[in-house]
Number of protein chains: 2
Amino acid sequence: MVSVATTQLDPAEETEPVKLGRRRDHTRDPDILAAAVDVLAECGYEGMTIDMVAARAKAGKATLYRRWPSKGELVIDAVACMKNGDLNLSQLPDTGTLRGDLIAMIKPHSIEDGEKKLRVIAGLMSLLAHSPELAETARVSVVEPRVTAHRFLLRRAVERGEISSRCDIDNLSTVTTAMASMRILFERKTIDREFLISLIDGVILPAVGLGAGPAAGADPESRAAGDTAVTAR
Amino acid sequence: MVSVATTQLDPAEETEPVKLGRRRDHTRDPDILAAAVDVLAECGYEGMTIDMVAARAKAGKATLYRRWPSKGELVIDAVACMKNGDLNLSQLPDTGTLRGDLIAMIKPHSIEDGEKKLRVIAGLMSLLAHSPELAETARVSVVEPRVTAHRFLLRRAVERGEISSRCDIDNLSTVTTAMASMRILFERKTIDREFLISLIDGVILPAVGLGAGPAAGADPESRAAGDTAVTAR
DNA sequence: TATATACGATACTGTGGAGTTCCGGATCTT
DNA sequence: AAGATCCGGAACTCCACAGTATCGTATATA
(Lines give C-alpha, C1' and ligand atoms only; values in the text may rest on other atoms or scores of the structure.)
Protein backbone atom coordinates (compact mmCIF):
# COMPACT_ATOMS: atom_id res chain seq x y z
CA MET A 1 0.00 0.00 0.00
CA VAL A 2 1.51 3.29 -1.10
CA SER A 3 0.87 6.47 0.79
CA VAL A 4 -0.98 8.67 -1.65
CA ALA A 5 -0.55 11.93 0.22
CA THR A 6 -1.08 14.68 -2.31
CA THR A 7 -0.51 18.27 -1.37
CA GLN A 8 0.59 17.63 2.20
CA LEU A 9 0.75 21.02 3.83
CA ASP A 10 1.47 19.75 7.30
CA PRO A 11 4.06 22.28 8.57
CA ALA A 12 5.49 19.88 11.12
CA GLU A 13 6.54 17.57 8.33
CA GLU A 14 9.89 16.87 6.70
CA THR A 15 12.20 19.63 5.55
CA GLU A 16 10.56 19.86 2.10
CA PRO A 17 7.24 21.50 2.80
CA VAL A 18 6.04 23.21 -0.39
CA LYS A 19 6.10 21.76 -3.87
CA LEU A 20 6.61 23.94 -6.89
CA GLY A 21 5.79 23.35 -10.50
CA ARG A 22 3.29 20.96 -11.99
CA ARG A 23 1.40 18.75 -9.53
CA ARG A 24 1.02 15.04 -9.84
CA ASP A 25 -2.33 14.23 -11.39
CA HIS A 26 -3.80 11.78 -8.91
CA THR A 27 -7.13 11.67 -10.69
CA ARG A 28 -5.49 9.17 -13.04
CA ASP A 29 -4.55 6.71 -10.31
CA PRO A 30 -7.85 4.82 -10.57
CA ASP A 31 -7.42 4.45 -14.33
CA ILE A 32 -3.94 3.03 -13.86
CA LEU A 33 -5.11 0.62 -11.18
CA ALA A 34 -8.05 -0.44 -13.33
CA ALA A 35 -5.68 -1.08 -16.21
CA ALA A 36 -3.54 -3.17 -13.89
CA VAL A 37 -6.58 -5.18 -12.84
CA ASP A 38 -7.51 -5.77 -16.46
CA VAL A 39 -4.06 -7.00 -17.38
CA LEU A 40 -3.92 -9.13 -14.24
CA ALA A 41 -7.20 -10.78 -15.13
CA GLU A 42 -5.95 -11.58 -18.62
CA CYS A 43 -2.32 -12.49 -18.06
CA GLY A 44 -1.77 -13.19 -14.38
CA TYR A 45 0.98 -11.70 -12.27
CA GLU A 46 3.93 -13.19 -14.12
CA GLY A 47 2.44 -12.52 -17.53
CA MET A 48 1.69 -8.93 -16.69
CA THR A 49 4.37 -6.39 -17.60
CA ILE A 50 4.59 -2.79 -16.52
CA ASP A 51 4.62 -1.76 -20.16
CA MET A 52 1.28 -3.50 -20.69
CA VAL A 53 -0.28 -1.60 -17.83
CA ALA A 54 1.22 1.70 -18.95
CA ALA A 55 0.04 1.15 -22.51
CA ARG A 56 -3.50 0.23 -21.46
CA ALA A 57 -3.68 3.26 -19.15
CA LYS A 58 -2.17 5.45 -21.90
CA ALA A 59 0.52 6.45 -19.44
CA GLY A 60 4.28 6.41 -19.48
CA LYS A 61 6.18 3.65 -17.81
CA ALA A 62 8.12 6.19 -15.75
CA THR A 63 4.88 7.66 -14.45
CA LEU A 64 3.97 4.32 -12.91
CA TYR A 65 7.35 4.08 -11.22
CA ARG A 66 6.99 7.62 -9.91
CA ARG A 67 3.86 6.52 -8.04
CA TRP A 68 4.59 2.93 -7.05
CA PRO A 69 8.02 1.73 -6.06
CA SER A 70 7.68 -1.69 -7.70
CA LYS A 71 5.43 -3.98 -9.66
CA GLY A 72 4.47 -5.79 -6.48
CA GLU A 73 3.28 -2.65 -4.72
CA LEU A 74 1.25 -1.65 -7.76
CA VAL A 75 -0.44 -5.04 -7.80
CA ILE A 76 -1.27 -4.87 -4.11
CA ASP A 77 -2.96 -1.49 -4.62
CA ALA A 78 -4.75 -2.80 -7.69
CA VAL A 79 -6.14 -5.78 -5.81
CA ALA A 80 -7.16 -3.61 -2.88
CA CYS A 81 -9.07 -1.25 -5.16
CA MET A 82 -11.22 -4.17 -6.37
CA LYS A 83 -12.97 -4.15 -3.02
CA ASN A 84 -15.61 -1.65 -4.05
CA GLY A 85 -17.96 -3.97 -5.85
CA ASP A 86 -21.71 -3.67 -5.87
CA LEU A 87 -22.79 -5.23 -2.59
CA ASN A 88 -20.72 -2.98 -0.35
CA LEU A 89 -23.29 -1.64 2.08
CA SER A 90 -26.07 -3.59 3.66
CA GLN A 91 -28.65 -2.30 1.25
CA LEU A 92 -29.16 -5.97 0.48
CA PRO A 93 -32.56 -7.19 -0.71
CA ASP A 94 -35.25 -7.78 1.91
CA THR A 95 -38.01 -9.80 0.35
CA GLY A 96 -39.33 -11.38 3.52
CA THR A 97 -38.15 -14.90 2.71
CA LEU A 98 -34.68 -16.37 2.63
CA ARG A 99 -35.20 -17.79 -0.82
CA GLY A 100 -36.43 -14.46 -2.11
CA ASP A 101 -33.38 -12.72 -0.66
CA LEU A 102 -30.94 -15.24 -2.13
CA ILE A 103 -32.57 -15.13 -5.55
CA ALA A 104 -32.58 -11.35 -5.46
CA MET A 105 -28.83 -11.37 -4.99
CA ILE A 106 -28.40 -12.94 -8.42
CA LYS A 107 -27.61 -10.03 -10.68
CA PRO A 108 -25.77 -10.29 -14.01
CA HIS A 109 -23.47 -7.44 -13.08
CA SER A 110 -22.55 -9.05 -9.80
CA ILE A 111 -21.79 -12.34 -11.54
CA GLU A 112 -19.62 -10.68 -14.15
CA ASP A 113 -17.82 -8.68 -11.47
CA GLY A 114 -17.20 -11.79 -9.42
CA GLU A 115 -15.86 -13.76 -12.36
CA LYS A 116 -13.37 -11.06 -13.22
CA LYS A 117 -12.18 -10.80 -9.63
CA LEU A 118 -11.73 -14.54 -9.45
CA ARG A 119 -9.68 -14.45 -12.62
CA VAL A 120 -7.46 -11.82 -11.03
CA ILE A 121 -7.02 -13.93 -7.92
CA ALA A 122 -6.24 -16.94 -10.06
CA GLY A 123 -3.51 -14.98 -11.78
CA LEU A 124 -1.69 -14.24 -8.56
CA MET A 125 -2.59 -17.38 -6.68
CA SER A 126 1.02 -18.55 -6.63
CA LEU A 127 2.01 -15.36 -4.81
CA LEU A 128 -0.59 -15.74 -2.10
CA ALA A 129 1.31 -18.59 -0.49
CA HIS A 130 4.37 -16.42 0.06
CA SER A 131 2.74 -13.04 0.62
CA PRO A 132 0.30 -13.04 3.52
CA GLU A 133 -0.35 -9.35 2.96
CA LEU A 134 -1.47 -9.89 -0.62
CA ALA A 135 -3.44 -12.97 0.38
CA GLU A 136 -5.38 -11.06 2.99
CA THR A 137 -5.97 -8.16 0.60
CA ALA A 138 -7.32 -10.58 -1.98
CA ARG A 139 -9.57 -12.33 0.51
CA VAL A 140 -10.98 -9.06 1.79
CA SER A 141 -11.56 -7.75 -1.72
CA VAL A 142 -13.11 -10.83 -3.29
CA VAL A 143 -14.50 -13.50 -1.01
CA GLU A 144 -15.17 -11.70 2.23
CA PRO A 145 -17.88 -9.33 0.89
CA ARG A 146 -19.86 -12.19 -0.62
CA VAL A 147 -19.60 -14.45 2.38
CA THR A 148 -20.59 -11.57 4.66
CA ALA A 149 -23.64 -10.83 2.53
CA HIS A 150 -24.81 -14.43 2.72
CA ARG A 151 -24.19 -14.54 6.45
CA PHE A 152 -26.28 -11.40 6.85
CA LEU A 153 -29.21 -12.89 4.98
CA LEU A 154 -29.03 -16.16 6.89
CA ARG A 155 -28.89 -14.41 10.26
CA ARG A 156 -31.88 -12.31 9.33
CA ALA A 157 -33.76 -15.48 8.43
CA VAL A 158 -32.94 -16.80 11.89
CA GLU A 159 -34.15 -13.64 13.61
CA ARG A 160 -37.27 -13.75 11.49
CA GLY A 161 -37.90 -17.25 12.79
CA GLU A 162 -37.81 -18.66 9.28
CA ILE A 163 -34.93 -21.05 9.99
CA SER A 164 -33.45 -22.63 13.07
CA SER A 165 -30.67 -20.91 14.98
CA ARG A 166 -28.88 -24.26 15.02
CA CYS A 167 -28.10 -23.98 11.31
CA ASP A 168 -24.40 -23.94 10.43
CA ILE A 169 -24.45 -20.37 9.22
CA ASP A 170 -20.70 -20.00 8.97
CA ASN A 171 -20.30 -22.87 6.56
CA LEU A 172 -23.51 -22.22 4.65
CA SER A 173 -22.64 -18.59 4.00
CA THR A 174 -19.45 -19.76 2.29
CA VAL A 175 -20.95 -22.50 0.13
CA THR A 176 -22.04 -20.40 -2.84
CA THR A 177 -18.76 -18.53 -3.12
CA ALA A 178 -16.79 -21.74 -2.77
CA MET A 179 -18.82 -23.56 -5.39
CA ALA A 180 -18.63 -20.63 -7.78
CA SER A 181 -14.87 -20.39 -7.32
CA MET A 182 -14.48 -24.08 -7.96
CA ARG A 183 -16.59 -23.85 -11.09
CA ILE A 184 -14.60 -20.96 -12.54
CA LEU A 185 -11.10 -21.93 -11.44
CA PHE A 186 -11.17 -25.68 -11.99
CA GLU A 187 -14.03 -26.49 -14.31
CA ARG A 188 -13.57 -23.35 -16.42
CA LYS A 189 -17.30 -22.90 -16.74
CA THR A 190 -19.07 -19.60 -16.28
CA ILE A 191 -21.53 -18.77 -13.53
CA ASP A 192 -25.11 -18.47 -14.64
CA ARG A 193 -28.46 -17.94 -13.00
CA GLU A 194 -29.43 -21.57 -13.36
CA PHE A 195 -26.36 -22.77 -11.48
CA LEU A 196 -26.85 -20.33 -8.61
CA ILE A 197 -30.51 -21.27 -8.29
CA SER A 198 -29.57 -24.95 -8.22
CA LEU A 199 -27.28 -24.18 -5.29
CA ILE A 200 -30.01 -22.33 -3.46
CA ASP A 201 -32.65 -25.01 -4.02
CA GLY A 202 -30.37 -28.04 -3.94
CA VAL A 203 -28.01 -27.18 -1.10
CA ILE A 204 -28.66 -24.04 0.94
CA LEU A 205 -32.42 -24.24 1.48
CA PRO A 206 -32.53 -28.00 2.10
CA ALA A 207 -29.66 -27.62 4.56
CA VAL A 208 -31.61 -25.07 6.60
CA GLY A 209 -34.74 -27.17 6.52
CA LEU A 210 -36.57 -25.19 3.87
CA GLY A 211 -36.67 -27.87 1.19
CA ALA A 212 -39.95 -28.20 -0.74
CA GLY A 213 -40.53 -31.63 0.67
CA PRO A 214 -38.02 -33.22 3.03
CA ALA A 215 -34.67 -33.27 1.27
CA ALA A 216 -35.93 -32.02 -2.04
CA GLY A 217 -34.03 -29.91 -4.49
CA ALA A 218 -34.86 -31.02 -7.98
CA ASP A 219 -37.51 -29.49 -10.18
CA PRO A 220 -36.73 -25.85 -9.44
CA GLU A 221 -39.37 -24.71 -11.93
CA SER A 222 -42.14 -25.80 -9.61
CA ARG A 223 -41.53 -22.79 -7.45
CA ALA A 224 -40.86 -20.17 -10.08
CA ALA A 225 -43.67 -18.05 -8.61
CA GLY A 226 -41.67 -16.33 -5.93
CA ASP A 227 -38.74 -16.21 -8.29
CA THR A 228 -39.44 -13.99 -11.23
CA ALA A 229 -41.40 -11.60 -9.08
CA VAL A 230 -38.25 -10.62 -7.24
CA THR A 231 -35.44 -10.83 -9.72
CA ALA A 232 -36.08 -7.91 -12.02
CA ARG A 233 -32.63 -7.11 -13.40
CA MET B 1 2.42 -35.61 -22.42
CA VAL B 2 5.62 -37.21 -23.60
CA SER B 3 5.57 -40.58 -25.30
CA VAL B 4 7.49 -42.83 -22.97
CA ALA B 5 8.05 -45.63 -25.43
CA THR B 6 11.16 -47.42 -24.26
CA THR B 7 12.56 -50.24 -26.32
CA GLN B 8 10.15 -49.97 -29.26
CA LEU B 9 10.82 -53.04 -31.38
CA ASP B 10 7.99 -52.46 -33.83
CA PRO B 11 9.59 -53.40 -37.19
CA ALA B 12 7.16 -51.30 -39.22
CA GLU B 13 8.40 -48.16 -37.49
CA GLU B 14 10.65 -45.32 -38.62
CA THR B 15 14.01 -45.92 -40.27
CA GLU B 16 15.88 -46.08 -36.93
CA PRO B 17 14.76 -49.35 -35.44
CA VAL B 18 17.45 -50.55 -33.05
CA LYS B 19 19.26 -48.47 -30.42
CA LEU B 20 22.79 -49.24 -29.47
CA GLY B 21 24.71 -48.35 -26.34
CA ARG B 22 23.41 -47.46 -22.93
CA ARG B 23 19.65 -47.32 -22.54
CA ARG B 24 17.76 -44.45 -20.99
CA ASP B 25 16.98 -45.21 -17.36
CA HIS B 26 13.25 -44.68 -17.22
CA THR B 27 13.01 -45.96 -13.69
CA ARG B 28 14.08 -42.47 -12.63
CA ASP B 29 11.22 -40.70 -14.37
CA PRO B 30 8.93 -40.96 -11.35
CA ASP B 31 11.61 -39.44 -9.12
CA ILE B 32 12.05 -36.53 -11.49
CA LEU B 33 8.30 -35.96 -11.74
CA ALA B 34 7.95 -36.19 -7.96
CA ALA B 35 10.72 -33.62 -7.59
CA ALA B 36 8.87 -31.38 -10.04
CA VAL B 37 5.68 -31.73 -8.01
CA ASP B 38 7.54 -30.83 -4.83
CA VAL B 39 9.08 -27.71 -6.33
CA LEU B 40 5.75 -26.79 -7.90
CA ALA B 41 4.00 -27.03 -4.56
CA GLU B 42 6.61 -24.79 -2.94
CA CYS B 43 7.35 -22.23 -5.62
CA GLY B 44 4.58 -22.32 -8.22
CA TYR B 45 5.11 -22.57 -11.94
CA GLU B 46 6.95 -19.29 -12.44
CA GLY B 47 9.07 -19.73 -9.34
CA MET B 48 10.08 -23.23 -10.35
CA THR B 49 13.30 -23.52 -12.35
CA ILE B 50 14.57 -26.53 -14.22
CA ASP B 51 17.73 -26.37 -12.14
CA MET B 52 15.69 -26.68 -8.94
CA VAL B 53 13.98 -29.81 -10.24
CA ALA B 54 17.23 -31.30 -11.48
CA ALA B 55 18.96 -30.58 -8.19
CA ARG B 56 16.16 -32.08 -6.11
CA ALA B 57 16.06 -35.17 -8.31
CA LYS B 58 19.87 -35.38 -8.22
CA ALA B 59 19.83 -35.33 -12.00
CA GLY B 60 21.50 -33.20 -14.63
CA LYS B 61 19.63 -30.40 -16.30
CA ALA B 62 20.43 -31.90 -19.70
CA THR B 63 18.86 -35.18 -18.64
CA LEU B 64 15.55 -33.45 -18.08
CA TYR B 65 15.70 -31.84 -21.49
CA ARG B 66 16.51 -35.20 -23.08
CA ARG B 67 13.21 -36.54 -21.76
CA TRP B 68 10.88 -33.55 -21.91
CA PRO B 69 11.03 -30.96 -24.68
CA SER B 70 10.20 -28.03 -22.43
CA LYS B 71 9.38 -26.94 -18.91
CA GLY B 72 5.71 -26.85 -19.80
CA GLU B 73 5.63 -30.47 -20.95
CA LEU B 74 7.45 -31.58 -17.83
CA VAL B 75 4.89 -29.81 -15.67
CA ILE B 76 1.99 -31.38 -17.53
CA ASP B 77 3.43 -34.84 -16.93
CA ALA B 78 4.13 -33.97 -13.31
CA VAL B 79 0.54 -32.87 -12.74
CA ALA B 80 -0.80 -35.92 -14.50
CA CYS B 81 1.25 -38.25 -12.32
CA MET B 82 -0.44 -36.77 -9.23
CA LYS B 83 -3.60 -38.64 -10.17
CA ASN B 84 -2.71 -41.79 -8.28
CA GLY B 85 -3.74 -40.74 -4.83
CA ASP B 86 -5.26 -43.01 -2.24
CA LEU B 87 -8.92 -43.21 -3.21
CA ASN B 88 -8.37 -44.46 -6.73
CA LEU B 89 -10.50 -47.59 -6.87
CA SER B 90 -13.93 -47.96 -5.43
CA GLN B 91 -12.69 -49.73 -2.37
CA LEU B 92 -14.38 -46.89 -0.52
CA PRO B 93 -15.75 -47.43 2.98
CA ASP B 94 -19.13 -49.12 3.34
CA THR B 95 -20.35 -48.60 6.88
CA GLY B 96 -24.06 -48.89 6.17
CA THR B 97 -24.86 -45.23 6.77
CA LEU B 98 -24.04 -42.15 4.75
CA ARG B 99 -22.59 -40.40 7.76
CA GLY B 100 -20.43 -43.36 8.58
CA ASP B 101 -19.12 -43.48 5.02
CA LEU B 102 -18.36 -39.77 4.92
CA ILE B 103 -16.60 -39.85 8.27
CA ALA B 104 -14.63 -42.88 7.23
CA MET B 105 -13.29 -40.96 4.27
CA ILE B 106 -11.51 -38.56 6.63
CA LYS B 107 -7.97 -39.84 6.78
CA PRO B 108 -4.92 -37.76 7.71
CA HIS B 109 -3.01 -39.05 4.72
CA SER B 110 -5.78 -38.12 2.36
CA ILE B 111 -5.99 -34.63 3.84
CA GLU B 112 -2.25 -34.10 3.57
CA ASP B 113 -2.26 -35.41 0.02
CA GLY B 114 -5.12 -33.14 -0.94
CA GLU B 115 -3.49 -30.07 0.56
CA LYS B 116 -0.30 -30.63 -1.37
CA LYS B 117 -2.17 -31.15 -4.61
CA LEU B 118 -4.12 -27.98 -4.05
CA ARG B 119 -0.91 -26.08 -3.46
CA VAL B 120 0.39 -27.40 -6.77
CA ILE B 121 -2.76 -26.31 -8.55
CA ALA B 122 -2.54 -22.91 -6.89
CA GLY B 123 0.98 -22.54 -8.22
CA LEU B 124 -0.07 -22.99 -11.82
CA MET B 125 -3.52 -21.46 -11.58
CA SER B 126 -2.54 -18.60 -13.87
CA LEU B 127 -1.67 -21.10 -16.60
CA LEU B 128 -4.99 -22.90 -16.42
CA ALA B 129 -6.79 -20.01 -18.05
CA HIS B 130 -4.63 -20.24 -21.18
CA SER B 131 -3.96 -23.97 -21.28
CA PRO B 132 -7.12 -26.06 -21.44
CA GLU B 133 -5.02 -29.21 -21.60
CA LEU B 134 -3.28 -28.44 -18.33
CA ALA B 135 -6.54 -27.32 -16.77
CA GLU B 136 -8.22 -30.59 -17.62
CA THR B 137 -5.23 -32.58 -16.40
CA ALA B 138 -5.30 -30.70 -13.11
CA ARG B 139 -9.02 -31.20 -12.69
CA VAL B 140 -8.80 -34.91 -13.41
CA SER B 141 -5.87 -35.32 -11.03
CA VAL B 142 -7.11 -33.31 -8.08
CA VAL B 143 -10.81 -32.53 -7.90
CA GLU B 144 -12.42 -35.20 -10.02
CA PRO B 145 -11.40 -38.19 -7.86
CA ARG B 146 -12.78 -36.60 -4.71
CA VAL B 147 -16.01 -35.45 -6.26
CA THR B 148 -16.50 -38.87 -7.81
CA ALA B 149 -15.97 -40.56 -4.47
CA HIS B 150 -18.59 -38.38 -2.80
CA ARG B 151 -21.00 -38.93 -5.66
CA PHE B 152 -20.55 -42.68 -5.28
CA LEU B 153 -21.35 -42.58 -1.57
CA LEU B 154 -24.38 -40.39 -2.10
CA ARG B 155 -25.76 -42.60 -4.85
CA ARG B 156 -25.31 -45.65 -2.69
CA ALA B 157 -27.25 -43.91 0.07
CA VAL B 158 -30.04 -43.31 -2.43
CA GLU B 159 -30.08 -46.95 -3.54
CA ARG B 160 -30.05 -47.99 0.10
CA GLY B 161 -33.15 -45.89 0.64
CA GLU B 162 -31.41 -43.78 3.22
CA ILE B 163 -31.89 -40.49 1.35
CA SER B 164 -34.26 -39.28 -1.32
CA SER B 165 -33.42 -39.62 -4.99
CA ARG B 166 -34.46 -36.01 -5.39
CA CYS B 167 -31.32 -34.81 -3.60
CA ASP B 168 -29.02 -32.61 -5.63
CA ILE B 169 -26.24 -35.17 -5.74
CA ASP B 170 -24.15 -33.35 -8.34
CA ASN B 171 -23.84 -30.20 -6.28
CA LEU B 172 -23.57 -31.95 -2.92
CA SER B 173 -20.75 -34.21 -4.07
CA THR B 174 -18.75 -31.10 -4.91
CA VAL B 175 -19.37 -29.15 -1.72
CA THR B 176 -16.64 -30.64 0.45
CA THR B 177 -13.93 -30.27 -2.18
CA ALA B 178 -15.03 -26.73 -2.98
CA MET B 179 -15.07 -25.69 0.68
CA ALA B 180 -11.71 -27.29 1.33
CA SER B 181 -10.20 -25.57 -1.71
CA MET B 182 -11.55 -22.24 -0.58
CA ARG B 183 -10.18 -22.75 2.89
CA ILE B 184 -6.69 -23.56 1.67
CA LEU B 185 -6.41 -21.19 -1.26
CA PHE B 186 -8.07 -18.09 0.17
CA GLU B 187 -8.14 -18.38 3.91
CA ARG B 188 -4.74 -20.07 4.14
CA LYS B 189 -5.95 -22.40 6.85
CA THR B 190 -5.31 -26.11 6.93
CA ILE B 191 -7.91 -28.82 6.65
CA ASP B 192 -8.59 -30.71 9.84
CA ARG B 193 -10.97 -33.39 10.97
CA GLU B 194 -13.13 -30.92 12.87
CA PHE B 195 -13.73 -28.80 9.78
CA LEU B 196 -14.67 -31.77 7.62
CA ILE B 197 -17.07 -33.09 10.25
CA SER B 198 -18.67 -29.67 10.51
CA LEU B 199 -19.29 -29.82 6.76
CA ILE B 200 -20.84 -33.25 7.02
CA ASP B 201 -23.08 -32.41 9.95
CA GLY B 202 -23.75 -28.77 9.11
CA VAL B 203 -24.22 -28.93 5.34
CA ILE B 204 -24.27 -32.32 3.63
CA LEU B 205 -26.45 -34.34 5.99
CA PRO B 206 -28.97 -31.56 6.65
CA ALA B 207 -29.21 -30.97 2.91
CA VAL B 208 -30.17 -34.59 2.28
CA GLY B 209 -32.67 -34.61 5.11
CA LEU B 210 -30.53 -36.47 7.62
CA GLY B 211 -30.17 -33.67 10.15
CA ALA B 212 -30.46 -34.66 13.84
CA GLY B 213 -33.59 -32.63 14.25
CA PRO B 214 -35.00 -30.62 11.36
CA ALA B 215 -32.26 -28.32 10.08
CA ALA B 216 -29.80 -29.10 12.82
CA GLY B 217 -26.08 -29.18 12.49
CA ALA B 218 -24.51 -27.72 15.60
CA ASP B 219 -23.33 -29.78 18.53
CA PRO B 220 -21.49 -32.46 16.55
CA GLU B 221 -20.34 -34.14 19.75
CA SER B 222 -23.85 -35.36 20.46
CA ARG B 223 -23.45 -38.01 17.81
CA ALA B 224 -19.85 -39.01 18.34
CA ALA B 225 -21.01 -42.59 18.80
CA GLY B 226 -21.02 -43.59 15.14
CA ASP B 227 -17.92 -41.50 14.65
CA THR B 228 -14.93 -42.85 16.52
CA ALA B 229 -16.06 -46.40 15.91
CA VAL B 230 -15.41 -46.05 12.22
CA THR B 231 -12.47 -43.76 11.84
CA ALA B 232 -9.58 -45.84 13.02
CA ARG B 233 -6.57 -44.55 11.12
C1' DT C 1 7.39 35.36 -17.55
C1' DA C 2 10.63 32.32 -15.10
C1' DT C 3 11.23 28.21 -12.65
C1' DA C 4 10.23 23.75 -11.16
C1' DT C 5 7.98 19.69 -11.67
C1' DA C 6 5.01 15.97 -14.01
C1' DC C 7 4.05 14.08 -18.20
C1' DG C 8 4.58 10.39 -22.36
C1' DA C 9 7.96 8.33 -25.08
C1' DT C 10 12.05 5.97 -25.87
C1' DA C 11 16.47 4.12 -25.10
C1' DC C 12 19.25 1.88 -21.93
C1' DT C 13 21.14 -1.45 -18.15
C1' DG C 14 21.10 -5.61 -15.30
C1' DT C 15 19.50 -9.94 -14.16
C1' DG C 16 17.45 -14.35 -14.03
C1' DG C 17 16.07 -18.27 -16.21
C1' DA C 18 14.94 -21.31 -20.50
C1' DG C 19 17.20 -23.98 -23.45
C1' DT C 20 21.86 -25.66 -25.66
C1' DT C 21 26.36 -27.46 -25.89
C1' DC C 22 30.29 -29.76 -24.35
C1' DC C 23 32.81 -32.78 -21.25
C1' DG C 24 34.68 -36.95 -18.68
C1' DG C 25 32.87 -41.01 -16.97
C1' DA C 26 29.50 -44.86 -16.74
C1' DT C 27 26.76 -48.55 -18.95
C1' DC C 28 24.75 -50.96 -22.42
C1' DT C 29 24.97 -53.97 -27.03
C1' DT C 30 27.55 -56.70 -30.24
C1' DA D 1 37.10 -55.14 -26.19
C1' DA D 2 34.82 -51.44 -29.05
C1' DG D 3 31.56 -48.45 -30.36
C1' DA D 4 27.27 -46.16 -29.16
C1' DT D 5 24.55 -43.90 -26.01
C1' DC D 6 23.37 -42.21 -21.46
C1' DC D 7 24.68 -39.85 -17.30
C1' DG D 8 25.65 -35.55 -14.09
C1' DG D 9 27.82 -31.27 -14.22
C1' DA D 10 29.05 -26.91 -15.78
C1' DA D 11 29.63 -23.29 -19.00
C1' DC D 12 27.34 -21.01 -22.47
C1' DT D 13 23.81 -18.19 -25.47
C1' DC D 14 19.65 -15.73 -25.83
C1' DC D 15 15.84 -13.14 -24.48
C1' DA D 16 12.19 -11.02 -21.80
C1' DC D 17 11.29 -7.98 -18.39
C1' DA D 18 12.08 -4.95 -14.04
C1' DG D 19 13.79 -0.85 -13.22
C1' DT D 20 16.50 3.64 -14.61
C1' DA D 21 17.78 7.60 -17.31
C1' DT D 22 17.05 11.02 -20.68
C1' DC D 23 14.43 14.25 -23.57
C1' DG D 24 11.06 17.36 -25.37
C1' DT D 25 6.66 18.97 -23.87
C1' DA D 26 2.95 20.43 -20.80
C1' DT D 27 1.37 22.68 -16.69
C1' DA D 28 1.64 24.26 -12.23
C1' DT D 29 3.48 28.12 -8.69
C1' DA D 30 5.56 32.68 -7.86
Side-chain angles (χ1 to χ4, degrees), chain A residues 2 4-9 15-29 31-32 35-36 39-40 42-78 123-124 126-127, chain B residues 2 4-9 15-32 35-36 39-40 42-78 123-124 126-127 130:
Chain A
V2 116
V4 203
T6 53
T7 319
Q8 188 55 283
L9 294 181
T15 56
E16 303 176 281
V18 187
K19 297 263 239 171
L20 294 188
R22 184 177 179 178
R23 298 278 194 73
R24 188 167 289 173
D25 181 13
H26 279 286
T27 64
R28 303 228 25 225
D29 284 6
D31 301 85
I32 297 174
V39 177
L40 270 176
E42 289 177 20
C43 311
Y45 179 81
E46 315 288 345
M48 154 184 165
T49 69
I50 298 294
D51 296 88
M52 286 185 200
V53 179
R56 180 156 324 202
K58 297 191 198 336
K61 190 178 179 178
T63 298
L64 270 64
Y65 277 103
R66 274 183 216 112
R67 306 186 186 201
W68 291 274
S70 71
K71 175 181 175 181
E73 300 277 343
L74 169 63
V75 166
I76 290 180
D77 268 19
L124 37 83
S126 57
L127 296 192
Chain B
V2 115
V4 204
T6 53
T7 321
Q8 187 56 286
L9 293 179
T15 54
E16 303 177 281
V18 186
K19 298 266 237 170
L20 293 187
R22 184 178 179 178
R23 298 276 193 74
R24 187 166 290 175
D25 181 13
H26 280 285
T27 66
R28 303 227 29 226
D29 284 6
D31 302 85
I32 297 174
V39 177
L40 234 64
E42 289 178 19
C43 311
Y45 179 81
E46 316 287 347
M48 154 185 164
T49 69
I50 299 293
D51 296 87
M52 286 185 199
V53 179
R56 180 157 325 202
K58 297 191 200 332
K61 189 178 179 178
T63 300
L64 270 64
Y65 276 103
R66 274 182 217 111
R67 305 184 186 202
W68 291 274
S70 70
K71 176 181 175 180
E73 300 276 343
L74 169 63
V75 166
I76 289 180
D77 269 18
L124 37 82
S126 56
L127 296 192
H130 298 92

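Letters go in sequence order (proteins before strands), and every chain restarts at 1.
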Which part of the nucleic acid, if any, lies within reach of A54(B) when heavy atoms closer than 4.0 Å are counted: base, sugar-phosphate only, or nothing?
nothing

Less than 3.5 Å apart, any donor N or O on the side chain of D25(A) or T27(A) sitting next to an acceptor on the other?
yes

Less than 4.0 angstrom between a side-chain N/O of R24(A) and OP1 or OP2 of dA26(D), yes or no?
no

When the distance from OH of Y65(A) to P of dA11(C) is rounded to whole Å, what number comes out?
18 Å

To the nearest angstrom, how far is E73(B) atom CD from dA18(C) atom C1'?
14 Å

Between CG of D51(B) and P of dT20(C) the distance, given in whole Å, is 14 Å

So does R22(B) reach the base of dC6(D) with its side chain, donor to acceptor, closer than 3.5 Å?
yes

Whole angstroms only, please: what is the CG-P distance between L64(A) and dT20(D)?
13 Å

Given atom CE of M52(A) and atom P of dA16(D), what is their separation to the nearest angstrom?
12 Å

Would E42(A) and R56(A) pass as an ion pair if we require N to O under 4.0 Å?
yes

Counting C-beta onward and ignoring hydrogens, is there a side-chain heavy-atom pair between D77(B) and R67(B) closer than 4.5 Å?
no

Considering only heavy atoms and no angle criterion, is a donor-acceptor pair shorter than 3.5 Å present between the side chain of K61(B) and the base of dG19(C)?
yes

May I have the distance from W68(A) (atom CH2) to dA18(D) (atom P), rounded to whole angstrom?
15 Å

What's the CD1-C1' distance between I50(B) and dC14(D), to the nearest Å?
16 Å

T49(B) side chain N/O closer than 4.0 Å to the phosphate oxygens (OP1, OP2) of dG17(C)?
no

Measure the CD1-CG distance between I50(B) and L74(B) for me, rounded to the nearest 0.5 Å.
5.5 Å

To the nearest 0.5 Å, how far apart are OH in Y45(A) and NZ in K71(A)?
5.0 Å

Check every strand shown and say whether K58(B) touches a base, only sugar-phosphate, or nothing at a heavy-atom separation below 4.0 Å.
sugar-phosphate

Which part of the nucleic acid, if any, lies within contact of M48(A), taking any heavy atom under 4.0 Å across all strands shown: a base, the sugar-phosphate backbone alone, or nothing?
sugar-phosphate

Comparing A62(A) and Y45(A) on DNA chain D - which has the more 5′ nearest nucleotide
Y45(A)

For the pair made of CG in L20(A) and C1' in dT1(C), what is the distance, rounded to whole Å?
15 Å

Short side-chain N/O contact from R23(A) to OP1 or OP2 of dT5(C), under 4.0 Å:
no

How do E46(B) and G21(B) order along DNA chain C: which one's closest nucleotide is nearer the 5' end?
E46(B)

